[in-house]
Number of protein chains: 2
Amino acid sequence: MELRHLRYFITVAEEGHITRAAERLGMQQPPLSQQIRALERELDVQLFRRKPRGVELTDAGTAFLERARSILEEVDRAFATARRTARGEQGRVVVGFTGSAPFHPFVPRVIRAFREMYPLVSLVLEESGSSELVQGLHNEDIDAAFIRSPVADVVGLVVKPLLEEDMLVALPAGHALARETEDRALPLSALANEIFILYKRPGGPGLYDTIITACRGAGFSPRVGQEAPRIISTLNLVAAGLGVSVVPASLRRLQMDGVVYRRLSGSAELKAPLILACRPGENSAAVQRFLDLVQRPAESVASDN
Amino acid sequence: MELRHLRYFITVAEEGHITRAAERLGMQQPPLSQQIRALERELDVQLFRRKPRGVELTDAGTAFLERARSILEEVDRAFATARRTARGEQGRVVVGFTGSAPFHPFVPRVIRAFREMYPLVSLVLEESGSSELVQGLHNEDIDAAFIRSPVADVVGLVVKPLLEEDMLVALPAGHALARETEDRALPLSALANEIFILYKRPGGPGLYDTIITACRGAGFSPRVGQEAPRIISTLNLVAAGLGVSVVPASLRRLQMDGVVYRRLSGSAELKAPLILACRPGENSAAVQRFLDLVQRPAESVASDN
DNA sequence: ACCTATCGATATTTGATAGATATGCCTCGT
DNA sequence: ACGAGGCATATCTATCAAATATCGATAGGT
């Protein structure tokens with residue numbers, strides 16, 4: 001059996017008339033009669049009762065008609081699905097991000113834009129640590145990740161800097177340096193005697209190294225206090241008065257009681273990058289759409305905090 | 001597109017290898033390659049990535065594979081449905097019966113047997129008055145009906161007597177005739193002075209006429225009291241002491257408080273028939289199965305009450 | 001690094017079969 | 001009774017699926 005038989009059968013059933021159906025199908029009556037008979041022979045079921053004026057569905061024919069229609073519909077749907085999947089309009093994209101990434105407005109903005117442009121793509125979001133994200137990319141558990149800094153084991157991954165943002169110092173509310181006018185930039189060297197609460201990623205260098213290096217550049221070697229497993233937890237420690245921290249500017253959105261942010265000056269190298277990591281080649285079209293969308297406006301949006 | 005393309009596609013997807021798939025399909029590799037390409041061309045979607053050793057589904061191909069499989073399954077189901085419907089193993093049968101019919105064990109027995117033999121046929125049961133049932137047969141609302149007596153407007157319907165059963169007299173519990181030993185038959189003439197509560201069917205002769213005729217044959221003209229719209233309601237009136245009634249023997253199963261049944265003698269013609277009515281020709285196979293099943297064992301079961 | 005086996009693509013031929021043409025036969029309506 | 005309408009049958013044609021032969025690319029062995 002072929003779909004042709006179903007198409008013919010449906011038309012004949014709808015017309016109740018082989019000759020008219022043949023006309024509608026753009027063919028002659030005899031071959032249509034033959035194909036219908038061939039279908040009946042294969043089914044070993046009489047689908048039509050031949051009447052002197054036209055044909056009429058048998059009960060078996062009626063039952064078959066329903067099914068035949070739904071089969072053709074499903075064929076159409078299968079076509080549409082394949083095409084949409086090929087075009088990246090349908091499918092699944094798993095996006096990972098570190099805890100600090102979504103605070104930069106770029107990330108939620110681009111995710112929202114993607115959902116609007118490709119509503120049929122199911123977008124799975126996963127927050128996790130940078131090393132887990134990199135691992136996830138290798139395992140093909142995730143397709144793309146927003147991370148904060150170049151990672152060690154990114155060999156075999158594509159890493160694209162999206163934007164850089166300034167870093168702020170986060171001070172406990174009662175701190176001496178927090179009393180000054182907030183919007184005046186603080187020289188990094190002013191923090192020489194502070195205890196630093198830093199986010200230390202287990203596997204490889206992150207913002208940690210960036211900060212240490214910047215401090216050295218400002219002429220002091222920072223005293224590092226407690227380390228926290230996630231950026232947000234460092235702020236909890238700052239709020240508790242255990243020290244100061246240096247965090248990406250977008251974290252300012254996270255208004256925590258007991259934490260005051262101040263801009264830093266004289267440390268041009270103290271920037272927090274936002275990086276997109278993905279697997280090279282072999283990405284599904286939907287993933288490719290996502291990557292394109294993320295990178296295209298990245299330049300224009302750039303660092304508008 | 002034809003089902004052939006789907007069959008080929010699925011096999012290639014499963015083998016990941018065109019040459020092996022061709023082998024499994026009992027054909028050569030080049031035509032299979034061509035058909036796959038033709039499918040891709042029609043879809044305008046690449047379904048396979050050609051690798052040096054075999055082929056590999058693309059994401060679109062994976063999405064399409066699922067659908068393709070379910071389409072072929074649905075085709076199989078459509079075939080099975082058509083065949084079963086043709087054989088009468090699937091479909092719908094609407095059976096009507098008058099209120100008194102199901103009390104004869106033959107009716108529930110045959111219905112149960114049908115359900116067991118043809119579990120895929122949805123059997124709809126409808127209790128209704130004889131004239132409504134006849135009307136329903138004409139309107140094609142019902143396919144077969146168990147009725148009690150030859151009906152007037154059965155023209156155009158097939159009417160098949162299934163069995164005959166004796167009739168009993170139903171007496172009020174306190175009645176003089178009810179005091180005698182119950183299992184001794186009562187001559188019909190003994191009821192000469194009783195008031196008869198009879199079921200009077202609006203459209204045509206029924207048991208009503210049978211009873212009147214039998215009484216005349218026994219030498220008296222019955223005094224007819226209240227008439228009830230359904231046989232069972234006559235028994236309510238009997239229980240209330242408003243008179244006696246004559247009902248099919250199977251109604252004995254309906255043990256009502258205040259009603260006593262006695263056999264009748266000397267009235268061979270006083271029989272209650274059970275009749276199967278249906279439309280001539282043009283019945284669905286499932287209905288035909290039902291009619292066959294009802295009539296085949298009807299002779300053997302006959303009148304075992 | 002080269003050579004060879006593997007496997008898909010391409011080119012050409014063959015064959016099956018869907019479809020066209022011509023005609024027959026049955027039924028209904030006039 | 002006759003003609004028109006409509007499906008079936010018979011025969012022919014053309015298309016397209018499949019077979020055969022060959023090419024080309026790649027991976028893996030030596």
Side-chain angles (χ1 to χ4, degrees), chain A residues 1-58 60-62 64-65 68 71-72 75 86 156 280-282, chain B residues 1-58 60-62 64-65 68 72 75 281-282:
Chain A
M1 224 258 319
E2 294 297 341
L3 288 180
R4 172 172 24 92
H5 295 109
L6 297 185
R7 290 190 262 262
Y8 291 178
F9 167 72
I10 292 171
T11 310
V12 172
E14 282 172 356
E15 294 288 339
H17 202 284
I18 296 186
T19 307
R20 264 205 305 277
E23 216 167 300
R24 224 178 84 189
L25 288 164
M27 65 190 292
Q28 296 300 316
Q29 168 262 318
L32 183 54
S33 286
Q34 282 181 4
Q35 293 295 308
I36 295 293
R37 292 192 86 78
L39 178 59
E40 290 181 322
R41 191 144 27 83
E42 182 169 2
L43 277 166
D44 197 26
V45 162
Q46 194 177 348
L47 297 171
F48 293 104
R49 246 186 306 282
R50 272 69 173 176
K51 310 199 86 180
R53 299 276 187 239
V55 295
E56 187 181 78
L57 279 172
T58 61
T62 308
F64 192 65
L65 177 59
I71 287 167
L72 290 194
V75 168
E282 290 307 295
Chain B
M1 223 260 318
E2 294 296 341
L3 288 180
R4 179 187 51 252
H5 294 110
L6 297 185
R7 291 190 262 261
Y8 291 177
F9 167 72
I10 291 170
T11 309
V12 172
E14 283 173 356
E15 294 288 338
H17 201 284
I18 296 187
T19 308
R20 263 204 305 277
E23 215 169 302
R24 223 177 84 187
L25 288 164
M27 65 191 291
Q28 297 300 315
Q29 169 262 318
L32 183 54
S33 285
Q34 282 181 4
Q35 292 296 307
I36 295 293
R37 291 192 88 77
L39 177 59
E40 290 181 323
R41 191 147 24 83
E42 182 169 1
L43 276 168
D44 198 25
V45 162
Q46 195 178 347
L47 298 171
F48 294 104
R49 245 185 307 281
R50 273 68 173 176
K51 311 200 86 179
R53 298 275 188 244
V55 294
E56 187 181 78
L57 280 172
T58 60
T62 308
F64 192 64
L65 177 59
L72 290 195
V75 168
E282 290 308 295

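Residue numbers start from 1 in every chain, and the chains themselves are labelled A, B, ... in the order their sequence lines are given, proteins ahead of strands.
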So, does B/E42 use its side chain to make a donor-acceptor pair with the main chain of B/M1 at under 3.5 Å?
yes

Quick one, B/E23 with B/T19, criterion side-chain hydrogen bond (donor to acceptor under 3.5 Å, both in side chains). Give me CA distance, side-chain angles, the key distance, then yes/no.
CA-CA 6 Å; B/E23 215 169 302; B/T19 308; over 6 Å; no

How close or far is atom P of D/dT20 from atom CE of B/M27, stated in whole angstroms?
12 Å

Atom-to-atom span, CD of B/E15 to C1' of C/dT6 - whole angstrom:
16 Å

Flag, side chain of A/E56 to backbone of A/R49, donor-acceptor distance under 3.5 Å
no

With no hydrogens and no angle check, is any side-chain donor or acceptor of B/R20 less than 3.5 Å from a backbone partner on B/I18?
no

How long is the line joining CD of B/E23 and P of C/dT6, in whole Å?
13 Å

Take A/E2 and B/R7 through the test salt bridge (charged side-chain N to carboxylate O under 4.0 Å, His left out) and record every step on the way to the result.
CA-CA 10 Å; A/E2 294 297 341; B/R7 291 190 262 261; 3.3 Å; yes

Can you check each nucleotide of nucleotides 2-14 of chain D against protein heavy atoms at under 4.0 Å and return B for base, S for sugar-phosphate only, - for none, in 5' to 3' order?
---BSBBB-----

Side-chain H-bond candidate by donor/acceptor type, A/Q29 with A/S33, under 3.5 Å:
yes

Expressed in angstrom and rounded to an integer, what is the separation of A/R49 atom CZ from C/dT27 atom P?
16 Å

Can you tell me if A/T58 uses its side chain to pair, donor with acceptor, with the backbone of A/L47 under 3.5 Å?
yes

N/O to N/O distances under 3.5 Å, protein versus nucleotides 13-16 of chain C:
none

Write down the distance between CD (B/E2) and P (D/dA18), rounded to a whole number of angstrom.
11 Å

If you look at every strand shown and take non-hydrogen atoms under 4.0 Å, does A/Y8 touch a base, only sugar-phosphate, or nothing?
sugar-phosphate

Look only at the side chain of A/Q46 and the backbone of A/F48, and say whether a donor-acceptor pair between them is shorter than 3.5 Å.
yes

Picking from C/dA20, D/dT20, C/dA18, the nucleotide nearest the side-chain atoms of B/Q28 would be D/dT20

Here the distance between atom C1' of C/dA9 and atom CZ of B/F48, to the nearest Å, is 15 Å

